[in-house]
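See below for the structure under consideration.
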2 protein chains.
Amino acid sequence: MRSNFVKPDMEDLILDATDRLLARYGYRKMTMDDLAAEVGIGKGTIYLHFRSKEDLIYALIDRVIRGVLERLQQILRSISSPAEKIREMIVLRVMYRFDSVQIFPESLSEMFRDLRSGVLQRREDYFKEEAKLFAAALKEGQRVGIFRPVDCSATANTMLAATNSLLPFHLSTHELGKRSDIERMVAQIADLLLYGLLQPGVKSKERRKLRRKRRQSA
Amino acid sequence: MRSNFVKPDMEDLILDATDRLLARYGYRKMTMDDLAAEVGIGKGTIYLHFRSKEDLIYALIDRVIRGVLERLQQILRSISSPAEKIREMIVLRVMYRFDSVQIFPESLSEMFRDLRSGVLQRREDYFKEEAKLFAAALKEGQRVGIFRPVDCSATANTMLAATNSLLPFHLSTHELGKRSDIERMVAQIADLLLYGLLQPGVKSKERRKLRRKRRQSA
DNA sequence: AATTGACTAAAATACTAATTTAGTCAACAG
DNA sequence: CTGTTGACTAAATTAGTATTTTAGTCAATT
């Protein structure tokens with residue numbers, strides 16, 4: 001809902017402040033008075049934008065996921081081959097989240113454990129949105145003949161499940177490990193999944209393309 | 001450490017009782033007096049076998065993982081093809097754990113959150129043990145020419161990471177979903193990973209073998 | 001019309017007393 | 001003599017009460 005104005009709107013200001021305070025204090029210790037002071041507004045103003053403290057957190061997470069989905073859509077629209085797109089999308093979905101929560105010392109799961117059921121439900125919803133985008137990339141790959149025929153929807157879900165353990169949700173980024181190790185691991189998963197999809201005749205060519213992509217990002 | 005006697009030894013009796021009480025009360029509510037009563041022994045006897053309440057939990061988890069590793073080793077020794085072995089191993093590592101913790105209403109992560117760092121450290125150690133077994137199966141597959149040349153150790157770690165999100169640790173079995181859906185999802189991940197490893201000329205034959213295996217387990 | 005902070009019900013914390021529990025080990029039973 | 005046990009105790013947790021804090025509201029203010 002960002003306006004076209006350069007200046008971020010009030011919701012983003014509040015969410016930015018929430019990020020900073022959560023990093024410092026965690027969910028329970030952060031008060032709405034703290035938040036109002038951090039933004040430089042009255043407490044009532046927060047409630048004009050967010051129904052409750054809990055809603056605020058959902059909005060914060062939504063914002064990160066919107067960022068993920070927008071980037072995934074950009075990749076989908078790019079001129080890369082479907083295999084390259086999928087590889088990029090897989091890496092993006094993990095590393096974007098990794099970078100977004102790196103400032104938190106504890107895991108999201110732990111920090112928001114009072115809101116566990118709500119957060120878990122939303123997470124399922126986000127996965128469904130992502131799966132659609134992955135299914136689209138898979139369909140394109142089949143159309144141009146580089147992927148073997150598979151159930152795109154099921155395979156999309158499979159790819160997400162295959163990388164979900166690296167998402168910084170149940171484990172904090174500190175518990176997960178070094179960013180570079182995570183990025184390498186997710187890329188390796190992506191490559192293995194992709195090799196499992198490529199039509200035999202296509203494999204070498206695409207493999208060289210993926211290899212070149214990998215060297216570029218090093 | 002189970003003896004060859006039919007009667008399970010004291011440690012197993014204590015651990016079995018721990019399972020039942022954890023399912024009923026959770027970690028915090030379960031007392032060592034409760035446990036002694038449930039086994040039908042004196043509290044001092046528990047401390048002859050386990051250093052502390054915390055150690056008891058580590059032993060309980062160790063026992064489950066020992067079961068996983070033993071089954072993985074059995075599969076490794078079987079006469080199945082390496083691809084079939086890996087598929088079975090992947091499914092086993094998820095479903096064995098799933099079945100072992102199904103009696104707990106909450107996730108292991110939540111139930112043992114007081115012991116988080118210890119439990120997470122052990123978990124990493126278990127993954128290393130498992131990775132060795134997977135690497136052995138990968139090596140065998142390369143030796144007989146059905147897998148393309150890959151770094152077996154790295155690929156083993158990749159395969160584990162690809163299925164870790166389905167382990168009933170951060171999410172309880174109830175939060176993960178229906179057993180049949182989990183089993184199907186892990187099998188799909190396994191298949192995709194395996195297709196990504198098979199040498200091109202080998203793929204069709206192995207695929208038919210895997211397909212037959214899948215029908216047998218339906 | 002948009003913002004705000006005083007207000008209040010509900011929640012959380014602090015304090016103190018009482019009770020419970022993990023872990024120990026001397027006494028007991030076989 | 002060896003293995004088991006539950007009385008014991010320091011530490012932890014819980015219960016009860018008082019105090020303080022906080023999420024959320026809304027009439028007053030800008």
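Proteins come first, then strands; the chains are lettered A, B, ... in the order of their sequence lines, and each starts at number 1. For the numbers below, each heavy atom of this structure counts, side chains included, while hydrogens, waters and symmetry mates do not.
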Closest-nucleotide ordering on DNA chain D, the 5'-leading residue of A:Tyr27 and A:Gly44: A:Tyr27
B:Arg71 NZ/CZ over B:Tyr96 ring centroid, <6.0 Å and within 45° of normal: no
B:Leu35 CG to C:dT21 P, in whole Å, measures 13 Å
Quick one, which residues of residues 45-55 of chain A touch DNA chain C with a heavy atom under 4.0 Å? A:Thr45, A:Leu48
Check the distance between D:dT21's C1' and A:Met30's CE and give it to me in whole angstrom. 15 Å
Does the side chain to side chain donor-acceptor pair (under 3.5 Å) test come out yes or no for B:Tyr58 and B:Glu54, once each step is laid out? CA-CA 7 Å; B:Tyr58 293 149; B:Glu54 177 172 338; 2.7 Å; yes
Rounded to whole Å, please give me the gap between CE in A:Met32 and C1' in C:dA11. 15 Å
Candidates C:dT21, C:dT4, D:dA23 - which lies nearest the side chain of B:Thr31: C:dT21
C:dG5 P sits how many Å from A:Asp34 CG, rounded? 15 Å
Please give, in whole Å, the distance from C:dT21 C1' to B:Leu21 CG? 15 Å
Keeping the roles fixed (side chain from B:Thr155, backbone from B:Cys152), state whether a donor-acceptor pair exists under 3.5 Å. no
Can you tell me how far P of C:dA27 sits from NZ of B:Lys43, to the nearest Å? 18 Å
Could you check how far CD1 of B:Ile41 sits from P of C:dG30, rounded to whole Å? 17 Å
Write down the distance between CE (A:Met10) and C1' (C:dA1), rounded to a whole number of angstrom. 14 Å
Taking it one step at a time, do B:Met89 and B:Met159 satisfy side chain to side chain contact (heavy atoms under 4.5 Å, CB included)? CA-CA 11 Å; B:Met89 287 163 74; B:Met159 297 186 123; over 6 Å; no
The reported gap from CD in B:Glu130 to CD1 in B:Ile90 (rounded to nearest 0.5 angstrom) is 10.5 Å
Quick one: does any side-chain atom of A:Arg97 pair with a main-chain N or O of A:Phe169 as donor and acceptor, under 3.5 Å? no
